[in-house]
Amino acid sequence: MSEKLLEISGLSVCYEGEQILNNICFSVEKGETVGIAGESGSGKSTLLRAILRLMGKNGSITGGQITFCGEELTGMSEKKLRSLCGSEIGMIFQNTGASLCPTRKIGAQICESVRAHEKRCGFITPISGGMSGRKSRREIKDMTLQRFADMGLSDGETIWNSYPSSLSGGMNQRVGIALAMLLHPSLLLADEPTSALDVVSQAQVLRELQALQQKEQTGMVLVTHNLAVLEQMADRVAVLKDGNIVEQGETRTVFDHPKDEYTKNLLAAVPGRGKNDA
Ligand SMILES: Nc1ncnc2c1ncn2[C@@H]1O[C@H](COP(=O)(O)OP(=O)(O)OP(=O)(O)O)[C@@H](O)[C@H]1O
C-alpha cells in the first residue's frame, strides 16, 4: 500500500507581491523520488524553500496547503517546523559540502550540528517516527561512520578527523549528504545536489545517494535543470514553467511521450535526444 509523505495542493508563493508559484499540486510517497524540472527562474528552488518556509522576509505563501505525514506545515509554528529539519526532512543543496567550515574538523562540526538539532527539537515529538533523544558523541560518530560508508567514503575515521579544506569537492559533498541523512529523515529535499561536481563525481555521488535513499526508503523531491539526472533518478517528474506545473507523470511516460510543447522543447535540448543532434 502506498504511504503518502508529502502532499502539496494549490500552493501559491509570492516574492514582494509578485506571483512566483501558482496553484502547485503534487505528492511524494515513501521511498519515491519526484523530480522537478524547468528552466532557470521557473521557481524550482522557491518550491523547495516554500516546503520549509525558507523563502526569507520578502517571500510568502499566499495559498494552498503543504501536508507532511498528515500534518499541515503551512500553519505550523516556526519552532515545530524548524525541529523537523534534519530528523524528519533533510535538505541538500548544490554546495552542501561547501557550507561546512573549512578550518574545523568534520567530526566536531557534525557533533555540533546534531547538538543544535537536539536543542531545537526540545520536547517536540517526531511526527514521522524520526529519531529523537540526546545522543552521546560515540553514538553520533558511529552513526556518521555508517553514513560515510553508505556514501562510498570508506576511510570514515580519517574523514571524521579531517578538515573540509583537505578534501575534494566530491568528498565534501558526500559528507554533506551523509550529514543530511544522518538522522534518518523520511523526506529529502535536494536542490541541484551534484551540479557543482565534475561529471565522473556527479555520476558516482548520484548512484550512492540513490542506493542510500532506497536502503532507507526515503522520499525525495529532486530539483535539477539536468534532465539526464532526472531520467536516472526520478520515479515521477513535474515540469515547471513560469511558476506553473505544465505537465507531470511517470518519468518514462513524460520523457517518451511529452504532451506539453514546453516539455518537448526542454527534452529536445538534451544532447542525444534533440532533432538537430549529429
Ligand atoms: N529572495 C527572493 N526575492 C525576490 N525574488 C526572488 C527571490 N528568490 C527568487 N526570486 C525570484 O523567483 C523566481 C524563481 O526563482 P527560483 O530561484 O525559484 O528559480 P529556479 O527555477 O530555481 O532557478 P535556477 O534554476 O536558476 O536556480 C525568479 O524570478 C527569482 O528572481
Side-chain angles (χ1 to χ4, degrees), residues 6 8-26 28 33-66 73-74 78 81-82 85 89-99 169 173 176-177 180 187-199 202 205-206 209 220-234 236-249 251 254-255 258 260-271 273:
L6 179 75
I8 296 186
S9 57
L11 178 71
S12 296
V13 173
C14 279
Y15 275 121
E16 293 163 343
E18 188 189 339
Q19 190 91 356
I20 303 294
L21 294 176
N22 300 299
N23 195 27
I24 300 295
C25 301
F26 74 93
V28 182
T33 296
V34 175
I36 309 290
E39 287 173 304
S40 186
S42 56
K44 304 182 298 295
S45 299
T46 301
L47 176 52
L48 278 198
R49 287 197 290 264
I51 295 171
L52 288 171
R53 249 188 280 149
L54 293 172
M55 299 97 66
K57 277 190 188 129
N58 55 351
S60 58
I61 292 174
T62 52
Q65 289 193 314
I66 303 171
L73 297 188
T74 36
E78 191 67 18
L81 191 60
R82 292 297 146 251
C85 298
I89 303 179
M91 288 199 85
I92 315 173
F93 304 98
Q94 181 178 341
N95 56 356
T96 284
S99 64
Q173 190 64 356
I177 294 173
L187 179 69
L188 197 56
L189 307 178
D191 194 351
E192 303 280 8
T194 57
S195 62
L197 306 178
D198 64 73
V199 181
Q202 201 171 74
V205 171
L206 284 173
L209 174 59
M220 175 155 71
V221 184
L222 175 60
V223 158
T224 176
H225 63 272
N226 187 335
L227 295 183
V229 167
L230 289 187
E231 192 166 25
Q232 178 194 330
M233 300 280 290
R236 287 186 297 124
V237 288
V239 181
L240 205 55
K241 176 180 184 263
D242 298 332
N244 297 284
I245 292 182
V246 293
E247 179 160 7
Q248 66 175 308
T251 308
V254 172
F255 274 58
D260 191 88
E261 274 311 304
Y262 179 74
T263 316
K264 287 179 190 168
N265 289 335
L266 276 185
L267 288 167
V270 177
R273 279 184 164 270

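Below, all heavy atoms of this structure are taken into account, side chains as well, without hydrogens, waters or symmetry copies. In listed order, ligands and their atoms are each counted from 1.
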Visitor: Is there any salt bridge (charged side-chain N to carboxylate O under 4.0 Å, His left out) pair reaching into residues 35-51, and which pairs are they, with sequence neighbours excluded?
Guide: none
Visitor: Determine whether Met233 and Thr224 make a side-chain contact, defined as any pair of heavy atoms from C-beta on separated by less than 4.5 Å.
Guide: no
Visitor: Filter on salt bridge (charged side-chain N to carboxylate O under 4.0 Å, His left out), then keep only pairs touching residues 220-232, sequence neighbours left out; what's left?
Guide: Glu231-Arg252, Glu231-Arg273
Visitor: Within the distance-only criterion (no hydrogens, no angle test), does the side chain of Thr251 pair as donor or acceptor with the backbone N or O of Ala234 below 3.5 angstrom?
Guide: yes
Visitor: State, with a plain yes or no, whether a side-chain heavy atom of Cys25 is found less than 4.5 Å away from one of Ile245.
Guide: no
Visitor: Using the salt bridge (Lys or Arg N to Asp or Glu O under 4.0 Å) criterion, which residues pair with Glu78? Sequence neighbours excluded.
Guide: Arg53, Arg82
Visitor: Check each protein residue for a heavy atom under 4.0 Å from ligand 1 and list those that pass, ordered by chain and number.
Guide: Tyr15, Ile20, Glu39, Ser40, Gly41, Ser42, Gly43, Lys44, Ser45, Thr46, Arg49, Asn58
